[in-house]
Asks: 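Dropping the structure in here first, questions after.
Lettering of chains follows the sequences in order, A, B, ..., and the numbering in each one begins at 1. Keep in mind the model is a prediction, meaning the values are calculated, not measured. Just so you know, these numbers use all the heavy atoms, side chains as well, and skip hydrogens, waters and symmetry mates.
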Protein chains: 2
Amino acid sequence: MNFTTSEENYIKCIYHLQQETGTVNTNSLAAEMHTRPASVTDMLKKLKAKKLLQYERYRGFKLNEAGKKVALEVVRKHRLWEYFLVEVLKFDWDKVHPIAEELEHISSDELVQRLDKFLGNPSFDPHGDPIPDRNGKIPVLNQLNLSEIPVKKTVTVSSVSNQTAQMLEMLKHYKIALGTQLQVNKKFAFDGSLEIKVLKQSPCIISEQVAKNVFVHYEL
Amino acid sequence: MNFTTSEENYIKCIYHLQQETGTVNTNSLAAEMHTRPASVTDMLKKLKAKKLLQYERYRGFKLNEAGKKVALEVVRKHRLWEYFLVEVLKFDWDKVHPIAEELEHISSDELVQRLDKFLGNPSFDPHGDPIPDRNGKIPVLNQLNLSEIPVKKTVTVSSVSNQTAQMLEMLKHYKIALGTQLQVNKKFAFDGSLEIKVLKQSPCIISEQVAKNVFVHYEL
DNA sequence: AATAAAATTTAGACAAATCTAAAAATTTAA
DNA sequence: TTAAATTTTTAGATTTGTCTAAATTTTATT
């Protein structure tokens, strides 16, 4: 089945809302889509006709399995393109969202497969969000503090708890950003400092104080 | 100014037609666009309102300078994406057109600039068609027979006159395809054979008979 | 339980892009 | 140069996605 750009955008939006709330209502979807409740009702009828929704008049609604499958394909494309834009074309990670919003609607399945392969089948996008695989399986994010991970395990930076300018300056110096892949080479018991190896960089030492503020994840 | 996908498709199509015939008429544009003459008239009104056309009722029409600029931007995007699909994602060159038809409408200028840079500012797409630069300048195609080009000049294969299965098998063996870049290392006067160096391949020898059927181009 | 408030849907309209059928302008050709 | 053929345009409809305003249903409150 084929879907319009508008349908795909609604489906994706419903998907994200129902992840948080289980069931979605017309007003919140309208707010999220920057449109009017009446427009939402119109689109819901179309999506119900295409059998993508559990939906009853005046009650809430959510995607059924078919709808979730479509949503995951769009999310997959969005995040793969974001990865491409940042890792290949060297965009700043905070500039890529609107472009990926357009690219995610390109329809070729083979394009997605080849892009995925070219990028090395990445599991997380530059914002740290998981990229569903071609079957719609979402890699589980196992978030840990950098000071706790085993040595030699390749992990991806997913969040930073201390977002002061001083901390960000430090992370920039170490070339650590959201999505950066790194390993811990050694842990020094004396002061809790770590020798880490950032992908494509030389190893360096960071203090326990820094490590405590960096959270990372890896696939199970 | 912004343009819809539909407007861009009409503009591109008018551009290609007027390259051949100087001026374009409603019926031929309708045929080329797989649509009806009445639909063409409707769109022409819009394009005239946006001051992209020289157009008078019942007379022919053509793009003015502003219209040509838009056309060249779309052509540039189309051909850069085709290059990307073939050279980076390893699509067969005969499969990329419909995908590039979608990608060419992605609007970000920065995306095009970065893509162009990433690809190494290519001058010709995988079909041998010239890629306009960011100012709309089209590289001049200087087509010559492979047997006639100076040694050590990097050239791009643009056409093959003998398209028999035997010839294509041979070219495939040598890893020569449309768009392949190569140099002639030596010319042997004895039998007219050539030692050529295909980009990323080891040098090899081809007969004068093969060379006579391969046409190449390079920028002036 | 009755009423007020909030959420949702219906009804009717509009813009973009398309279509068919018919009218108008232009070109061709007898 | 007038009639026929061709080309182009207009008129009016259709589809998709959107909107506003009003009506309806559900939920909350007194």
Side-chain angles (χ1 to χ4, degrees), chain A residues 1-15 17-18 20-63 67 70-71 74 101-102 104-107, chain B residues 1-14 17-18 20-63 67 70-71 74 101-102 104-105 107:
Chain A
M1 181 123 50
N2 290 318
F3 304 99
T4 65
T5 294
S6 186
E7 286 170 339
E8 286 187 348
N9 283 332
Y10 273 96
I11 291 165
K12 188 174 51 139
C13 200
I14 295 167
Y15 176 81
L17 286 175
Q18 79 181 32
E20 287 165 17
T21 52
T23 194
V24 185
N25 61 342
T26 304
N27 274 356
S28 55
L29 181 53
E32 198 72 16
M33 290 289 296
H34 304 104
T35 187
R36 302 290 165 180
S39 307
V40 169
T41 300
D42 291 341
M43 181 56 79
L44 291 178
K45 282 184 204 159
K46 289 172 198 161
L47 297 180
K48 192 189 179 189
K50 291 193 172 186
K51 301 199 187 302
L52 301 169
L53 276 186
Q54 283 178 249
Y55 161 67
E56 275 179 291
R57 275 157 69 268
Y58 288 95
R59 297 298 162 91
F61 50 87
K62 57 181 173 181
L63 297 174
V70 176
V74 179
E101 286 287 296
E102 289 187 65
E104 72 191 8
H105 303 294
I106 305 292
S107 56
Chain B
M1 182 120 52
N2 291 318
F3 305 99
T4 66
T5 293
S6 186
E7 285 169 340
E8 287 187 348
N9 283 332
Y10 273 94
I11 291 165
K12 188 174 51 140
C13 198
I14 295 168
L17 287 174
Q18 77 180 33
E20 289 164 15
T21 52
T23 193
V24 185
N25 62 343
T26 305
N27 274 356
S28 54
L29 182 52
E32 198 73 16
M33 290 290 295
H34 304 104
T35 186
R36 302 291 165 179
S39 307
V40 169
T41 301
D42 289 342
M43 181 56 79
L44 292 178
K45 282 183 203 160
K46 289 172 199 162
L47 298 180
K48 193 188 178 191
K50 292 193 171 186
K51 301 199 187 302
L52 301 170
L53 275 186
Q54 283 177 250
Y55 159 68
E56 275 179 290
R57 275 156 71 270
Y58 287 95
R59 297 299 163 92
F61 48 88
K62 57 181 173 180
L63 297 174
V70 176
V74 179
E101 287 286 297
E102 290 187 64
E104 74 190 7
H105 303 294
S107 57

Asks: With a 3.5 Å cut-off and just heavy-atom distances, do the side chain of Tyr58(A) and the base of dT24(D) make a donor-acceptor pair?
Replies: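 Yes.
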Asks: Write down the distance between CD (Glu8(B)) and C1' (dA16(C)), rounded to a whole number of angstrom.
Replies: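 Going from CD in Glu8(B) over to C1' in dA16(C) covers 15 Å.
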Asks: For Lys62(B), does the NZ atom have more than 12 heavy-atom neighbours from other residues, nucleotides or ligands under 6.0 Å away?
Replies: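 12 or below, so no.
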Asks: Does a side-chain N or O of Arg57(A) approach OP1 or OP2 of dT26(D) to a distance below 4.0 Å, or not?
Replies: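 No, outside the criterion.
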Asks: Measure CE/Met33(A) against C1'/dT8(C) and give the value in whole Å, please.
Replies: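 It works out to 18 Å between those atoms.
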Asks: Provide, to the nearest angstrom, the distance between the CD atom belonging to Glu56(B) and the C1' atom belonging to dT9(D).
Replies: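 So the CD-C1' distance, Glu56(B) to dT9(D), works out to 15 Å.
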Asks: Among dT26(D), dC19(D), dA11(D), which is the nearest nucleotide to the side chain of Arg59(A)?
Replies: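 Within the option list, the nearest is dT26(D).
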Asks: Taking atom P of dT18(D) as reference, at what distance in whole Å does atom CG of Leu29(A) sit?
Replies: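 It works out to 11 Å between those atoms.
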Asks: Just N and O in the side chain of Ser39(A): are any of them under 4.0 Å from OP1 or OP2 of dC19(D)?
Replies: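 Answer is yes, contact under 4.0 Å.
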Asks: Assess whether a salt bridge exists between Glu32(A) and Lys12(A), defined as any Lys/Arg side-chain N lying under 4.0 Å from an Asp/Glu carboxylate O.
Replies: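 Salt bridge between Glu32(A) and Lys12(A), a charged N being under 4.0 Å from a carboxylate O: no.
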Asks: Would you indicate, yes or no, if dA17(C) has its OP1 or OP2 atom less than 4.0 angstrom from a side-chain nitrogen or oxygen of Thr4(B)?
Replies: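 True: Thr4(B) side-chain N/O within range (under 4.0 Å) of dA17(C) OP1/OP2.
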Asks: Between Asn27(B) and Asp42(A), which residue's closest nucleotide on DNA chain D lies nearer the 5′ terminus?
Replies: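 Of the two residues, Asn27(B) wins.
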Asks: For dA16(C), does OP1 or OP2 lie under 4.0 Å from any side-chain N or O of Lys46(B)?
Replies: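 The answer is no; no side-chain N or O of Lys46(B) sits under 4.0 Å from OP1 or OP2.
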Asks: What is the distance, to the nearest angstrom, from the CD atom on Glu7(B) to the C1' atom on dT18(C)?
Replies: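 My rounded result for the distance is 14 Å.
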Asks: So Tyr10(B), base contact, sugar-phosphate only, or nothing? Heavy-atom distance under 4.0 Å.
Replies: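 Touches sugar-phosphate only.
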Asks: Check whether His34(B) reaches the backbone of Ala30(B) with its side chain - one donor and one acceptor, N or O, closer than 3.5 Å.
Replies: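 Not a single qualifying donor-acceptor pair exists.
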Asks: Using a cut-off of less than 4.0 Å, is there contact between a side-chain N or O of Arg36(A) and OP1 or OP2 of dT18(D)?
Replies: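 For Arg36(A), the contact criterion (side-chain N or O under 4.0 Å from OP1 or OP2 of dT18(D)) is not met.
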Asks: Can you measure Leu44(A) atom CG to dT16(D) atom P for me and round it to whole angstrom units?
Replies: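 Spelled out: CG on Leu44(A) to P on dT16(D) is 17 Å.
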Asks: Can you check whether Ser6(A) has a side-chain N or O nearer than 4.0 Å to OP1 or OP2 of dT18(D)?
Replies: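 Checking dT18(D) against Ser6(A), a side-chain N or O does come within under 4.0 Å of OP1 or OP2.
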Asks: Which nucleotide in the set dT10(D), dT20(D), dT8(D) lies at the smallest distance from any side-chain heavy atom of Asn25(B)?
Replies: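 Nearest listed nucleotide: dT8(D).
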Asks: Under the 3.5 angstrom rule, does the side chain of Glu8(A) hit a backbone N or O of His105(A) as a donor-acceptor pair?
Replies: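 Looks like no, no N/O pair under 3.5 Å.
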Asks: Are Lys45(A) and dT9(C) close enough that a side-chain N or O sits under 4.0 Å from OP1 or OP2?
Replies: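 Negative; the distance criterion is not met.
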Asks: Is a donor on one side and an acceptor on the other found under 3.5 Å between the side chain of Thr41(A) and the backbone of Pro37(A)?
Replies: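 It does hold such a pair.
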Asks: Rounded to whole Å, please give me the gap between NZ in Lys50(B) and C1' in dA17(C).
Replies: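 Nearest whole value for this atom pair: 13 Å.
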Asks: Checking all strands, does Thr41(A) fall into the base, sugar-phosphate, or nothing category for heavy-atom contacts under 4.0 angstrom?
Replies: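 Base contact - Thr41(A) has a heavy atom under 4.0 Å of at least one base atom.
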Asks: For Phe61(A), which contact category applies under a 4.0 Å heavy-atom criterion: base, sugar-phosphate, or nothing?
Replies: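 Touches nothing.
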Asks: Answer yes or no: does a side-chain N or O of Thr35(B) lie under 4.0 Å from OP1 or OP2 of dA17(C)?
Replies: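 Indeed not, no polar side-chain atom of Thr35(B) lies that close.
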Asks: Ignoring hydrogens and angles, tell me if any N or O in the side chain of Thr21(B) forms a donor-acceptor pair with the backbone of Val24(B) under 3.5 Å.
Replies: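 Checking the backbone N and O of Val24(B) against the side chain of Thr21(B), no donor-acceptor pair under 3.5 Å is found.
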